[in-house]
Structures are given as C-alpha cells and as structure tokens.
Amino acid sequence: MVVPSRHVDFLKQPLSFWLATASKDRIPEPIKCTGIAFDPLTDIFTCFAPLKFATKGIKHLQENPVISLVSVELHTYEGYQYKGPYLSHRDCTAHEVEFQVQYLKEFTDTLALFGYSASGFHNAYFHPPFVAILFQANQVFDQSPKNGTGGELDKRQL
Amino acid sequence: MNDPQVKLEEIMPALQGVIPAIVATSSLARIPNATYISQVYYVDGNHVALSYQFFNKTIRNVRENPILVTIVTCPVEYVLHKLTLRYVESQTSGEVFENMSMQLDALAIVQHKEGIFKLKAADIYEVISIEKI
Amino acid sequence: MSVEVENLVSQLEEANRKMETIRKVSFELNRLMTLPEKLHSILAILSEQFGVANSLILIPDQNNSVLTVFASHGYDTSIIGRQVPLGQGIVGLSAQRKKHINLTGIRRKQHYLATVSKEGDLDIVSPIGLPDAESQVAIPLLSNDELVAVLMAESRNFCVFDKADESFLITLAQPLAVSIQNSMLYDSMEEKIRERTAELQRLNRTKDKFFSIISHDLRGPVTSFQSLTRLFSHYNKQGESEKIESLCTMVDQSVDNLNHLLENLLDWSLSQTNGIQCFFERISLKDFIQRIVEIYQVNISSKEIDVRLVVGEDLQIIADHHTLATVFRNLISNSIKFTPRRGSLVISAATNDDIVLVQLKDTGVGMDCARLSTLFQLQGQRTTSGTEKEKGTGLGLVLVKEFMELNRGKISVESDPVTGTTVTLQLPRDVNR
C-alpha cells in the first residue's frame, strides 16, 4: 500500500479537496471535491463532487483514466497529492450526500475563522446532485509548500 | 479568444489572492496534477501571471504542455470562474515582475523574511477562455 | 439593451463622481493653509469620496530614513507622531521604492508566509495602523521625483481598493504632493517671519533702552555738572575753599558714576552686537576683588559700610579679566548702593572640586519676590535709586548675568528685605579650551 497509515486520520479532517483529470489531448480539468472516503486496506479513494463540476472531468476519465486528488490542511498548509488509475463513478447515496453536508459545514466553518463567509463558500460548492468517483492511489506526493516540494513519499516513510 | 461574455476586468476581485486558486496541469504522458497557488495576477485584458518561486511539478508540466486550467473564487460574491490559460514566457524583469516582487517583499518584510521569499520569475499566461461555473 | 444602458449609466455616474472629487480636491489643494490643515482636508475629502474609513498621511524626515504620521482619519489621535522606518512594512516599502502598493487578503497571505517559512520565531513588525487590516493601499506622493509624503488607506474588508481607485489615487498623487510642499513652504516661511519678528522686537527693545538711557540716565549727571560748575564759580568768588574742596569730592563721585554708567553702556552695546572677545587667564581672586573694592572706597567710607574679604591668598580661577571685573564692579556697587549706612558686605570664596564659589553677602534693603524674578531681564529694568539716592541705569545686572555665562559660570541670588542680599557666583577653577 502506498498511502501512509498516518494519512488515515489526516484525511478525516475537513481538508480542502480538489480533483484533476486530463483529456487525451492533454487538457487538464480541476474538479471541486466535496468530501472523500478513504479505504486504507485497498488504497481506494471515493471522491464526492457536484455533477455540474464533474461532467467534463468524467468525460476525460473515459479517454484517459488517470486522476489526481490534492488535499490541503488550511491552517498548516500540510498537503498531499494522490495519483492513480480511475476505477468507476456513480451517483452518491443519501448517506454520502448527508456526509457531504456535514463535511461542508465543518469545512466552511474553518474558512470562516479566516474571515471568509461560510455561507458564501457553501453556496459556491453545494450543488446537488453529487457523484462519487473512485480511484486507487498508486503514488503519493508531498505538497507542503517548501523548496523541493512535490517529492514522492518514500515507501520506507510509511 | 476570451469568452465574450466574461472579461478579465470583471473578475478582478478574484485576482487579488484573497482566496487561493487551484491550478491543474497535465504532463506529456497525460498524468494530471493539481496544486494550490496563492494568487493569479492580472496583467492586462488578455493575460495573467503566476509567480514562480520554486521549481515544482506544475512548472515542469507547463514547460512541456503549456495548457493550464485554474479556478478562481471571488471573495465578495463567492462566484467561481474557470480560466483556461496558455503559457507564454517567464519574465525576470519588467513591470509585472517588479510589481509581483514588491507585493511579495511588502508581506515578507513585515515578518523580517525579505531574503527568504524571492520571486524567481513571473510566468505570463495568455487567457484562452473564462467560464463562470 | 437595457443592461447596456444600465452599464453606461453606471459608468457615467462613476465618471461624474470622479470629476466631482477632482474638482473638490483641486479647490482644496489650491487654498493656502498650514500643513496640518492641508493634510486633514485631503484625508477628509478622500474619505468622503471613497468611503474609506481609515487613512493616514506620513511625512519623511530630512534624511529620508523615517516616516512620521502627520495626519489621520478614522484612528485614535494617539497615532499622530507614530513612526515607521523607510523600507519597513507596506507603507515603508512603498516610500523607499517610490512605488504604489495595493494589497488585499493580507492576513491570509501573512499567515501563509509565516507557516511556510518556519525559520526562527515569528517576529512580526507591528503595523502602523489597524492590526487586522485585510486591504491596504500605499501611494507615494512625489514631486520632481522627491518623496514629499505617503498616503495610506486601509480596511478590514476584502478588495476595497480596485484598480480604478488605485489609478485615480495615483493620478491625484502629483498635485497632492505639490500642494503639500506648498503648505510646508508656507509653514516654514511663517516660522521664519516669526523668528525675524522676534529678533526685530528684541533689537527694538535694545534700541529703546539705549535711547531711554541716553535721554534720562546720562542727562542727569551731565546736568549736575552744570550746577557744580556754577557752584564752583560762586564759592571761588566767595573764597570758600573748604566748600570748593567738598565740591571736588562730589565731582569725583559724579564722574565715577558716569564712568561706571558709560562703561556698562559700552559693554552692553558690544555684547548686543557680539563684539565681546574673551581672553581667559589665571587670575588671583583675592587681589582681583581687592582692587575693585578700592574703586568704591570713597563711597564705602562715606556710608561707613564694613567691607570684609574672606578669600584664600592663593586661590586662583581661570576667567576673562575685563568681563569678570564688570561683574564684580556691578555687584559691589549695587551692594554699596542698597546697603544703608553702617551696614556690612562680606565677600567670601570657597572651593568645591573644580568649582569656586564666591559669595557677596550684604545687609542691604533686599528685594521682594517680584523684583527677584525679573532681576536679570532687560524689560524688567527700571532705575532704582539707592539708599542715598544713588542713580543707576538698570543695565548692570543684565550684564552681570551675560558675562557670568561668557565665563562659563553661574549666578544665583537670595534676598529678603530683612536680612539683605546674598549673591553666589560659581566659577570654574580650571577651564578646558
């Protein structure tokens, strides 16, 4: 498994999540992610996103099934990027929608501490219906901002 | 060509670095990469600039595949706009570089860290399209 | 169509607003007023036109090393006088590089920098204005590329100063700079006029005193000579030689008095025109004072005043002979003038490290507090007659103080109508030149 075990707890926080895809013509696409679920036994990420943000990305994944997920902690800027092959996507379950509601509340409340508008962000991101995109991470990169950042995590560091 | 409905000047508040922007690039091998940046700087009606402080995957990707897509957020209306950009050049002098440098210096000086945060270059991008999402 | 019309209307309103601001600002800028008034006026207009709650104007010092807050709007008055070095903070950097800065989202950006570089302690320079500003714009006001002032505006909200606002302020920067310079010039000219007026007033007082002395105080003795010569003639005709003898004594005294007055007048006019040149030499104090006392022996004897010298034989000081002699002559003649018949004057000297303290203590009529407080002032001088109607010009003590200062000494006086007057002189025992 490539994802370090200490990331399990890290990923449970209300981090900022974004996905990225690329078309076969190498046009990239960022997708706002409104929550994730991570299975440490399989290194499979289930990423939730509003369908209206994910439509183009999903098309990309049909022709180029590679996806990246970046997750950043808002106070410390600790961040990681997980890359791997796209597995599948589907509509979110009611439980998963509920999870996203909860995640967005915690996420926007954290942003409000920085002086931003929680409701502003909520209105920007909360757009049902939602989809769940699954992929398996086979690479993890450290994105905490510093010189020499972006290095792939040594498997021995796990 | 810009989308005639949205001009860069109309989304100026989103280009002030109040809310960080997400930037997505792709390598030649079609591996996507996403990262946060502090600010997308306005240059003129058709161009923006990103700061190059240290070499990373984004810079490497853009040097081999010049298309970059970023999503900026307006800190007043909280509206999202997706900008599709094409890398033009890196400037290490000139008005854009000087202004970006000075903004960085102004913040760093307050923390006595002038030497630590040095702008290597101002990467200039042409705006291909702007889309409200 | 209506959206386009709405946009046009809004642009027109914006243009009108800007024209109105330019008109108001131009009107205010052209008015001649002091610098503080000018700066407050500028901030008030900008606040009204831009709706900015907090703004400052800072002025650099002559070395262009530090900026000082001269005017503020929206802050506590204690912010006036606060300083920031050039190059420090957003305002200092803008001033140093003579370029405008417009930043927003400041707190997040600061947080990012602080988090990302963990080198050393987070030692943040206190901002000059709001501690939690999110938006800040700093515009250097230049005239002929010289930094005249810096205008700073800030807010706790995001994106308060857009590009249009920034451009507008930059457009106003040059006329603002010139206008501020004009006020500075106006203020410095006012200051120069005040100084010249004060100098002229001082010279006027000197001239008035001069004329007053010449017309009153010197005429007296000269007139008395007339009566004396008539008396001489009369007694000569009468053959009353003893009376002639006593007249001669009176003439002597009058001439001495006149001499004394004329010397003081000359010294004083020299000191007013900075003509006094001091030559410092070693002086044997006892002999020096003794010789001066002898000048007044006739008066001392005629008033039967007991004069005693308690000064060490080998006590020496470094002083200028002429000016110190003037000091002692005036003090001793004053003591004699104001001590009643059979009074006493004790002149003593003591040393204390590298100072010599000389005291002149008389049993004279003394002075009240009011008189004491104006003792060394020219304006406070009025001729005071002695106990036996001796005359003076009142210049003497003014000279004494000035000349003590020239000799790097000090003078203090204690007096009351019961015990008399004690004058204490402090002189350096050794003067480094």
Side-chain angles (χ1 to χ4, degrees), chain A residues 16-33 50 52-53 55-57 60-61 63-72 74 77 79 81-84 86 108 111 114-125 127 139 141 143 145-152, chain B residues 13-14 18-38 40 51-87 116-118 120 128-129 131-133:
Chain A
S16 175
F17 296 110
W18 285 85
L19 294 163
T21 60
S23 71
K24 67 172 170 22
D25 297 326
R26 305 180 184 93
I27 309 290
E29 174 77 1
I31 304 169
K32 182 60 195 162
C33 182
K52 81 170 214 174
F53 291 158
T55 311
K56 197 171 195 179
H60 287 178
L61 291 169
E63 57 194 41
N64 177 32
V66 188
I67 192 165
S68 292
L69 167 72
V70 69
S71 55
V72 179
L74 299 168
Y77 289 97
Q81 188 164 197
Y82 310 91
K83 296 190 185 185
Y86 154 75
T108 57
L111 288 170
F114 286 102
Y116 300 124
S117 160
S119 62
F121 273 113
H122 183 269
N123 295 338
Y125 297 152
H127 293 285
Q139 282 182 305
F141 299 89
Q143 291 226 291
K146 56 177 184 280
N147 268 327
T149 196
E152 189 174 353
Chain B
V18 180
I19 296 171
I22 194 72
V23 154
T25 55
S26 164
S27 68
L28 269 183
R30 299 183 185 87
I31 311 289
N33 192 78
T35 189
Y36 260 121
I37 56 160
S38 204
V40 175
S51 73
Y52 174 1
Q53 277 168 272
F54 41 80
F55 191 70
N56 54 29
K57 191 83 178 90
T58 299
I59 305 270
R60 192 183 307 151
N61 280 355
V62 159
R63 298 294 187 264
E64 58 185 41
N65 172 29
I67 302 296
L68 179 149
V69 177
T70 178
I71 292 180
V72 296
T73 312
C74 172
V76 181
E77 311 274 308
Y78 290 87
V79 167
L80 305 176
H81 281 87
K82 183 162 71 178
L83 278 63
T84 304
L85 311 173
R86 177 183 292 115
Y87 171 70
I116 301 172
F117 296 100
K118 265 311 175 205
K120 273 211 179 65
I128 298 174
S129 70
E131 188 192 325
K132 179 174 169 190
I133 62 165

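Keep in mind that what you see is a predicted model, and the values were worked out from it rather than measured. The figures that follow rest on heavy atoms only: side chains count, while hydrogens, waters and symmetry mates do not. Naming: A, B, ... by sequence-line order, numbering from 1 per chain.
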Original post:
Given a strict heavy-atom distance threshold of 4.5 Å, which part of B:Ser27 is in contact with chain A: side chain, backbone, both, or neither?
Top reply: backbone
Subject >> Distance, nearest 0.5 Å, that separates OH of A:Tyr116 from OG1 of B:Thr73 >> reply: 9.5 Å
**OP:** Would you give the length of the straight line joining atom CD1 of A:Ile27 to atom OG1 of B:Thr84, rounded to the nearest 0.5 angstrom?
**Re:** 8.0 Å
**OP:** Specify which of B:Val69, B:Ile22, B:Thr25 makes the most heavy-atom pairs with chain A at under 4.5 Å.
**Re:** B:Ile22
**OP:** Given side chain to side chain contact (heavy atoms under 4.5 Å, CB included), test B:Lys82 with A:Lys56 step by step and report yes or no.
**Re:** CA-CA 12 Å; B:Lys82 183 162 71 178; A:Lys56 197 171 195 179; 3.9 Å; yes
Original post:
What's the shortest heavy-atom distance between A:Asn64 and B:Arg30, and which atoms?
Top reply: ND2-O, 2.9 Å
Original post:
Does any heavy atom of chain A fall under 4.5 Å from the side chain of B:Val18, the backbone, both, or neither of them?
Top reply: both
**OP:** Against chain B, label A:Phe53 side chain, backbone, both or neither, depending on which of its atoms sit under 4.5 Å from a heavy atom there.
**Re:** side chain
Subject >> Check: B:Leu28 and A:Arg26 side chains under 4.5 Å, non-hydrogen atoms >> reply: yes
Original post:
Which bit of B:Asn65 is near chain A, if near means a heavy-atom gap under 4.5 Å: side chain, backbone, both or neither?
Top reply: side chain
**OP:** Name all residues meeting the side-chain contact (heavy atoms from CB on, under 4.5 Å) criterion together with A:Asn123; count only those two or more places apart in sequence or in a different chain, and write none if there are none.
**Re:** none
**OP:** With sequence neighbours excluded, give me every salt bridge (Lys or Arg N to Asp or Glu O under 4.0 Å) pair touching residues 67-79 of chain B.
**Re:** none
Original post:
Considering only heavy atoms, which portion of A:Lys24 lies under 4.5 Å from any heavy atom of chain B: side chain, backbone, both, or neither?
Top reply: both
Original post:
Given that the side chain runs from C-beta out, which part of A:Tyr125 has a heavy atom under 4.5 Å from chain B: side chain, backbone, both or neither?
Top reply: side chain
**OP:** Side chain from CB out, backbone as N, CA, C, O: work out which of these in B:Leu80 comes under 4.5 Å of a heavy atom of chain A, or both, or neither.
**Re:** side chain
Original post:
Heavy-atom distance under 4.5 Å to chain B: side chain of A:Val66, backbone, both or neither?
Top reply: both
**OP:** Kindly give the heavy-atom pair with the smallest separation between A:Trp18 and B:Tyr36, and that separation in Å.
**Re:** NE1-OH, 3.0 Å
Original post:
So which of B:Thr70, B:Ile71, B:Thr58, B:Asn61 has the biggest tally of heavy-atom pairs under 4.5 Å with chain A?
Top reply: B:Ile71
**OP:** Grab the two heavy atoms, one from A:Ala124 and one from B:Tyr78, that are nearest each other, plus how far apart they are.
**Re:** CB-O, 3.4 Å
Original post:
Side chains of B:Pro32 and A:Pro28: does their closest heavy-atom pair fall under 4.5 Å?
Top reply: no
Original post:
Between A:Ser23, A:Gly120, A:Ser16, A:Gly115, which has the largest tally of heavy atom pairs under 4.5 Å with chain B?
Top reply: A:Gly120
Original post:
So which of B:Pro75, B:Ser26, B:Ala34, B:Ala24 has the biggest tally of heavy-atom pairs under 4.5 Å with chain A?
Top reply: B:Ala34
Original post:
Of the backbone (N, CA, C, O) and the side chain (C-beta and beyond), which part of A:Leu69 lies under 4.5 Å from a heavy atom of chain B, both, or neither?
Top reply: neither
Original post:
When you look at B:Ile31 and A:Lys83, which way does the side chain to side chain contact (heavy atoms under 4.5 Å, CB included) test go after all the steps?
Top reply: CA-CA 8 Å; B:Ile31 311 289; A:Lys83 296 190 185 185; 3.8 Å; yes
Original post:
Passes side chain to side chain contact (heavy atoms under 4.5 Å, CB included), A:Gln143 versus B:Lys57? Steps please.
Top reply: CA-CA 10 Å; A:Gln143 291 226 291; B:Lys57 191 83 178 90; 5.9 Å; no
**OP:** Heavy-atom distances under 4.5 Å only: say whether A:Ser119 touches chain B with side chain, backbone, both or neither.
**Re:** neither
